[in-house]
Amino acid sequence: MKKTVLSLCLVLHFFSSVAMAQGIRFYGDVLLSRGVATFASDQGRAPIEKALDPFLKKNAIHVMNLEGAIGSADRCADHHTPCFAVNDDLLSLLKDTDVVSVQNNHSLDLGPQGLKASLRELKKRSIIPLGGPSFSTVITTDDGNFGIVAVTDVVNATGDRSYLTMAESPVVLKEIRRLKTRSTAVAVYIHWGRELLPVPTDRMVKLARTFIKAGADIIVGTHPHVPGSVACVDGKPVVWSLGNFLFDQKYEETKKGAVLDCTIGDGDSLSCTLTAHETARPSYLPRISIGDCYAKENKELATCRPVVHRTWTGVFTKDKREKKLVLTRDGRKNALSFFTLFDLATGRPEAITPPMPIMKVQPFDLNGDGILEVMLIQNIYSPFDRATAKRVYLYSFADNFHALWRGSALARPLLDAVFVRGKNGKPFLAALHSADSYLLRKPECMERLVMFYRWNGFGFSGVKEHRIENGSDGLVSDKGKLRIVADENVISEISTNGLEKR
């Protein structure tokens, strides 16, 4: 096969996204070819979607590793056996996934054109693709920026190395260091090790230490196709292998796997836990296992909780220089936190806010001027309802730190709020309310309303209202949809495209 570089020359492209979710969830290897593709052809995609739904409905950033490449099997490259050619229609199975890595030994199964097609088709579906030279992303969440670096240490042909980001490449350590300066936490998602071997090789241990020394906070491995052991390396959690997630392998040990959930706790510590899943014979569909299959591993991970600082980056001031906004808990009053704004280039602090009772943070450009304002949900007493409750506040760091709008729970008692954009990019505040009123409070009320408000420069005007399922307690903004959350699981969605019509 003639080697064609196309647009995959070694130029770094970094993707970024905003998904106001909580935490990050890593999965093992995913196959949309061979037996899984045959199953989908024979029985339809609905059974696969139903199997994936309990995993993907969790309120988190979802990260997967896709084995194979988009295209026809008649284009399989030399030395790629088995060859995993993927029909692009099957990518719809990953529609609720946020990040997909194709940094692995099968991403060039169809040559450079297949890798390029994979990146293109994933991006068309609003999924962040990490493959080839495009190997990192930063996602803005409720807990700040999460940096993800995806690399491989395994190839099927020597020539593949020039098209992928290899684990030992100097650009990897440079990117980890760069992301560390602007992120709450940095995760390295790596394809490494030996197939069917659940313990790390000496090379894996060496690579993990190198990544952590550069600033990585989490190391997550794929490729062995069996779940592996875990370790606390220099105080940072390492999972050597998550095993398979959606795959067609028949060995008993390949029918078990894990997902890794990492969140930021109240003590500003990073906490990671494994949840077991299994695939029954002769099925290809994963299901959550009964019982704590990873009690030993989770006990080990519980000893490994590095302290991090919730960090967001962007343009917050009129000088249009990139800044870093860091949220720090006030050690004297644990219920209060304060912000420090740093110049990202020099590292110098430029502003420090008073301590405040902060429950949620969202940087957002309200005015379309390229300068980020900051939306906070604060727990504040108000004489209006004579209660200490959640209120929305808006602040700006332009012309020194000041309030643009001093909080209110808006039309009804507030449970959660998040800024979204309509189809034409206009900002709207989506607020989740309990359906009772300030005048007649009913603490037992389980009815909910989602109300959309338009920012007019001075305050908010209501534009649309949705009555939704009872018991909801949170909102997630992602991919042009507002997701309704109950007990950390997404239970329904509302499109934000229709907001411009009124």
Side-chain angles (χ1 to χ4, degrees), residues 18-20 140-145 310-320 322-328 335-342 350-385 387-422 425-433 438 449-464 474-477 482 496 499:
V18 175
M20 297 307 292
T140 302
T141 75
D142 287 353
D143 289 315
N145 293 346
R310 292 173 170 87
T311 300
W312 296 262
T313 56
V315 175
F316 292 92
T317 56
K318 289 183 177 180
D319 62 11
K320 297 296 182 77
E322 192 174 12
K323 305 296 168 68
K324 177 170 69 173
L325 187 66
V326 178
L327 182 66
T328 305
L336 302 180
S337 302
F338 62 91
F339 289 109
T340 306
L341 187 70
F342 296 89
E350 294 192 345
I352 300 178
T353 72
M356 299 177 285
I358 298 172
M359 304 182 70
K360 184 172 184 176
V361 181
Q362 184 187 10
F364 198 87
D365 182 2
L366 284 176
N367 307 314
D369 59 0
I371 300 175
L372 293 170
E373 287 74 34
V374 181
M375 186 274 284
L376 301 182
I377 295 181
Q378 297 183 243
N379 209 32
I380 298 288
Y381 175 82
S382 172
F384 177 72
D385 55 357
T388 299
K390 293 180 179 179
R391 324 279 178 183
V392 172
Y393 278 67
L394 296 178
Y395 292 95
S396 172
F397 283 89
D399 299 321
N400 298 316
F401 179 73
H402 64 281
L404 292 175
W405 193 69
R406 295 190 177 272
S408 163
L410 304 169
R412 293 176 183 269
L414 183 72
L415 297 171
D416 197 11
V418 64
F419 270 103
V420 299
R421 292 199 182 278
K426 293 182 180 179
F428 294 87
L429 182 70
L432 177 66
H433 299 286
Y438 294 117
L449 295 174
V450 171
M451 297 187 68
F452 291 95
Y453 301 88
R454 179 183 289 111
W455 171 248
N456 58 28
F458 303 97
F460 291 98
S461 304
V463 295
K464 188 173 284 191
L475 300 176
V476 179
S477 171
L482 182 70
T496 61
L499 292 174

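Between Tyr395 and Phe401, the ring centre distance stays below 6.0 Å.
Residues Phe364 and Leu394 are not in side-chain contact: their nearest non-hydrogen atoms beyond the backbone lie 4.5 Å or more apart. Contact check for Met356 versus Ser337: no side-chain heavy atoms found under the 4.5 Å cut-off. A heavy-atom distance below 4.5 Å is not found between the side chains of Trp405 and Tyr393. Looking at heavy atoms from C-beta onward, Val450 lies in side-chain contact with Leu482 at the 4.5 angstrom threshold. Between His433 and Leu414, the closest side-chain pair of non-hydrogen atoms falls below 4.5 Å. Using a 4.5 Å cut-off on side-chain heavy atoms (C-beta onward), Met375 and Val392 make contact. Using a 4.5 Å heavy-atom cutoff, the side chains of Lys360 and Leu376 are not in contact.
Considering every non-hydrogen atom in both Phe339 and Ile358, the closest pair reads CE1-CD1, 3.6 Å. Closest of all the heavy-atom pairs between Ala389 and Asn379 is C-OD1, 3.3 Å.
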**Request:** Check the pair Tyr453, Val463 against side-chain contact (heavy atoms from CB on, under 4.5 Å), reporting the backbone distance first and the verdict last.
**Result:** CA-CA 6 Å; Tyr453 301 88; Val463 295; over 6 Å; no

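Under the side-chain contact (heavy atoms from CB on, under 4.5 Å) test applied with Val420, the options Leu475, Leu429, Thr496 reduce to a single match, Thr496. The only option from Val361, Leu327, Asn145, Thr328 that meets the side-chain contact (heavy atoms from CB on, under 4.5 Å) definition with Arg310 turns out to be Leu327.
Looking only at distances, a side-chain donor or acceptor of Asp365 sits under 3.5 Å from a matching main-chain atom of Gly370. Panel note: side chain Lys390, backbone Leu415; a donor-acceptor pair is recorded below 3.5 Å.
Between Asp143 and Thr141, the side chains place no donor N or O within less than 3.5 Å of an acceptor N or O (distance only, hydrogens not considered). Between the side chains of Lys324 and Thr311, no donor N or O sits under 3.5 Å from an acceptor N or O.
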